[in-house]
Amino acid sequence: GGEGDGGRPGSCTGGVDRMISLDTAQTLAEGSETVNYICPRLDNDYYRIEIPAGKQLLRVKLQLSAPVSPINLTYLVLKDANTVVGRAPEGQNNAYNALHCLAPGTYYLQVLDQANDARVEKNGYRLSYATESDPDSQAPNGERGKATTVGATNSGRISCTGDRDFFKVA
């Protein structure tokens, strides 16, 4: 994706991709891996993904194929063009393996250089995703009104960022 670079024409490996919006997003199948490039500058690559019924967790794996790069690789999870529902965790540098709590449905992964000021035309990134069921037997109870009554023993699990479990004493 991206328009204009100021670099040499054809300097991006494989040419400039056209996955530059949600309308032109490439469908990415669960469990498959794609390799692509942040090239030219301002490139944003979009992928359409599906979270099937019965799954509540999205695991995004994204990493550069080279340990050193001029870009700061990151990603966003979008529900639509105006709604960001997840983002790459902070503090990780160009390699992510992150969980997001999401309802079943269609989403988009947007892969980009964090500052949109660099490109990498030779070493690409690898992207894949998987969906998982929430292993928390208390889910969904992320609201006080759905709190689980505490018994002799209770357990819960915080599955991903933003997950909350509420318990009440009867």
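Each salt bridge (charged side-chain N to carboxylate O under 4.0 Å, His left out) pair with one or both residues in residues 53-69, not counting sequence neighbours, appears once here: Arg59-Glu132. Here ring pair (Phe, Tyr, Trp, His ring centres under 6.0 Å) pairs that include residues 105-131, with residues two or more places apart or in two chains, number zero. Applying the salt bridge (charged side-chain N to carboxylate O under 4.0 Å, His left out) test to every pair with at least one member in residues 20-39, sequence neighbours left out, gives these pairs: Glu33-Arg126. Sorted by first then second residue, the ring pair (Phe, Tyr, Trp, His ring centres under 6.0 Å) pairs that include residues 54-79, not counting sequence neighbours, are Tyr75-Tyr96, Tyr75-His100. Applying the salt bridge (charged side-chain N to carboxylate O under 4.0 Å, His left out) test to residues at least two apart or on different chains, none of the pairs has a partner in residues 73-95.
Every residue meeting the side-chain hydrogen bond (donor to acceptor under 3.5 Å, both in side chains) condition with Thr24, not counting sequence neighbours, appears here in chain and number order: Ser21. Applying the side chain to side chain contact (heavy atoms under 4.5 Å, CB included) test to Ser32 and every residue at least two apart in sequence or in another chain returns Leu28, Ala29. Applying the side-chain hydrogen bond (donor to acceptor under 3.5 Å, both in side chains) rule to Asn36 yields the partners Tyr47; only residues at least two apart in sequence or on another chain are considered. In this structure, Ser65 has no side-chain hydrogen bond (donor to acceptor under 3.5 Å, both in side chains) partners at least two apart in sequence or on a different chain. Under the side-chain hydrogen bond (donor to acceptor under 3.5 Å, both in side chains) criterion, Tyr46 pairs with Gln110, sequence neighbours left out.
Side-chain contact check for Leu73 versus Gln114: every heavy-atom pair is 4.5 Å or farther apart. Put simply, the side chain of Gln56 reaches to within 4.5 Å of the side chain of Ser133, judged on heavy atoms. Leu102 places a side-chain heavy atom less than 4.5 Å from the side chain of Val77. Residues Leu109 and Leu76 fail the side-chain proximity criterion, which asks for heavy atoms closer than 4.5 Å. For the pair Asn44/Val111, no side-chain contact is recorded, criterion being any heavy-atom separation below 4.5 Å from C-beta on. Between Pro52 and Thr131 there is a side-chain heavy-atom pair separated by less than 4.5 Å.
Between Thr27 atom OG1 and Glu50 atom CD the span is 8.0 Å, to the nearest 0.5 Å. The CG atom of Asn94 lies 9.0 Å from the OG1 atom of Thr74; values are rounded to the nearest 0.5 Å.
Taking hydrophobic clusters as Ile, Leu, Val, Met, Phe, Trp and Tyr residues chained together by side-chain heavy-atom distances below 4.5 Å, Ile38 does not share a cluster with Leu78. Placement of Ile71 and Leu112 in two distinct hydrophobic clusters is found when ILVMFWY residues are connected by side-chain heavy-atom separations under 4.5 Å, directly or transitively.
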